[in-house]
Amino acid sequence: MTIKIAVLPGDGIGPEIVNEAVKVLGVLNRSFGLNASWQEGTIGGVGYDVDGAPYSEATRKLVHASDAVLLGAVGGPKWEKLDKPLRPEAGLLRIREDLGLFANYRPTKVHSQLLDASTLKPEVIDGVDILVVRELVGGIYFGQPRGIETVDGERRGYNTMVYSESEIRRIGRTAFEAARLRSNRVCSVEKANVLDVSELWRNVIIELHESEYADVELSHMYVDNAAMQLIRNPRQFDVIVTGNLFGDILSDEASMLTGSIGMLPSASLGEKFGMYEPIHGSAPDIAGENKANPLATILSVAMMLRFSLDRNDLAEIVEKAVENTLDAGVRTVDLAFGGEASVSCSAMGDAVCAALEELAS
Ligand code: NAD
């Protein structure tokens, strides 16, 4: 049976990086017997420009008819002045909500070849392998009421951070299950010393742990401390489970352990669908220059193979091809330090494809 993939390149560097990931899919089809087909749709700013909405009905139909979604990135200055529901980021929130993608997996693995690319000391980051499991469709990004109103002659902005027991249990289960396949440790991050919603979060995680996951080592950390510990001693973490806002911030911080945000893939998973995208944005500052790092998007294809297409074998091959490419010293500009030569986005994609072909032969 042919696997159907919805490809949503989006804005800025999105089309450039997704193009390289699609080349990888082509090699997997040709040389590794993957039987995948893909169809492009719009999302974000380009969705508004072409289809009149950041998550159009046409794209909704396409993704619902697909086995998995590969997304580039959305956003850019061109669309910043639009009404909020028409802005690119609204499209992203809507597709996550529509597909019920409640769990965002963000692995942060330090590649030994890139130890010097990080701003942190090599001895601090060597061996780091963290999985941030972020709740994606609840919390303060979706809570009601929200808005900006005028009270006593001045404007007041507000949002609501809200989690129900079932939402906490659902993401907690995802994290405990993931930990069982790794080093069996979960650190739950919240702000229970100040926030009621976090107090509930902690209590539900403890209950879940006691009732179903007593074999997994559980710890708790306040988010401010977690932000500090990630820089001080990142190797202490295996799986971090946290809410939408804290996960957004901590996973970007964790990304810098690896040296470049251009290295980090992500998977957003629900009961039925999976969507795969790099964790970075549309990088308008380098869009159209063919110098973005496509490896996060290519590694997102590996996550797609593992979590949606049941092809862990091919996921490992793609990850090996990326390792071999880095071993060979191929670097995009964000990874090149100390006078190292750099290659373009498309040349990096070609190098990974060549490494794949070599693994096939
Ligand atoms: P960004 O991640 O786009 O860029 C931050 C910095 O990292 C920039 O200097 C950029 O050049 C660099 N960078 C990012 N990806 C790179 C790559 N693959 N290779 C090399 N360098 C890379 O974040 P930002 O500048 O805060 O946001 C730009 C736009 O992206 C905004 O409109 C924002 O809303 C949007 N955004 C979208 C997503 C998403 O689509 N999931 C995520 C974050 C931000």
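One-based numbering, in listed order, for ligands and for the atoms of each.
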**OP:** Evaluate ring-ring contact (aromatic ring centres under 6.0 Å, His included) for Phe307 paired with Tyr276, printing each intermediate quantity in order.
**Re:** CA-CA 10 Å; Phe307 293 115; Tyr276 301 83; 7.1 Å; no

Original post:
Hey, is atom 36 (N) of ligand 1 under 4.0 Å from any protein heavy atom?
Top reply: yes

Subject >> For atom 32 (O) of ligand 1, the protein heavy atom that lies nearest, with its residue and separation >> reply: Gly76 N, 3.2 Å

**OP:** Find all atoms of ligand 1 within a distance of less than 4.0 Å from any non-hydrogen atom belonging to Ala73, and give their numbers and elements.
**Re:** 40 (O)

Subject >> Nearest protein heavy atom with distance in Å, relative to atom 31 (C) of ligand 1 >> reply: Glu89 OE2, 4.0 Å

Subject >> atom 21 (N) of ligand 1: nearest protein contact (heavy atom, Å) >> reply: Ile286 CD1, 3.7 Å

Original post:
Does Arg146 make a cation-pi contact with Tyr158 (under 6.0 Å, within 45 degrees of the axis)?
Top reply: no

Original post:
Does atom 26 (O) of ligand 1 have any protein heavy atom closer than 4.0 Å?
Top reply: no

**OP:** May I ask which of Asp285, Val333, Asp248, Leu92 has a heavy atom nearer to atom 41 (N) of ligand 1 than the others do?
**Re:** Leu92

Original post:
Any ion pair linking Lys78 and Asp49 (charged N to carboxylate O, less than 4.0 Å)?
Top reply: yes

Original post:
So does Asp310 have more than 12 non-hydrogen atoms from other groups sitting under 6.0 Å from CG?
Top reply: no

Subject >> Backbone of Leu120 reached by a side-chain donor or acceptor of Ser118 within 3.5 Å >> reply: yes

Original post:
Mind checking whether Ile17 has a heavy atom under 4.0 Å from ligand 1?
Top reply: no

Original post:
What protein heavy atom is closest to atom 13 (N) of ligand 1, reported as residue, atom name and distance in Å?
Top reply: Ile261 CG2, 3.8 Å

**OP:** Note the single closest protein heavy atom to atom 19 (N) of ligand 1, along with its residue, its atom name and the distance in Å.
**Re:** Asn293 N, 2.9 Å

Original post:
Got the closest protein heavy atom to atom 40 (O) of ligand 1, with its distance?
Top reply: Val74 N, 2.9 Å

**OP:** Report the distance from atom CZ of Phe237 to atom CG of Leu131, rounding to the nearest 0.5 Å.
**Re:** 13.0 Å

**OP:** Examine the side chains of Tyr48 and Thr42 and answer whether a donor and an acceptor come within less than 3.5 Å of each other.
**Re:** no

Original post:
Please state which protein non-hydrogen atom is closest to atom 3 (O) of ligand 1 and give its distance, to 0.1 Å?
Top reply: Ala283 N, 2.8 Å

Original post:
Under 4.0 Å between a Lys/Arg side-chain N and an Asp/Glu carboxylate O for Asp238 and Arg182?
Top reply: yes

Original post:
Heavy-atom contact under 4.0 Å between Ala296 and ligand 1?
Top reply: no

Original post:
Among Gly281, Gly14, Ser255, Pro284, which one has a heavy atom closest to atom 28 (C) of ligand 1?
Top reply: Pro284

Subject >> NZ/Lys23: more than 12 non-hydrogen atoms of other groups inside 6.0 Å >> reply: yes

Subject >> ligand 1 N/O within reach of Glu80 N/O, cut-off under 3.5 Å >> reply: no

Subject >> Options Gly45, Ser282, Pro77, ranked by nearest heavy atom to atom 29 (C) of ligand 1, top entry >> reply: Ser282

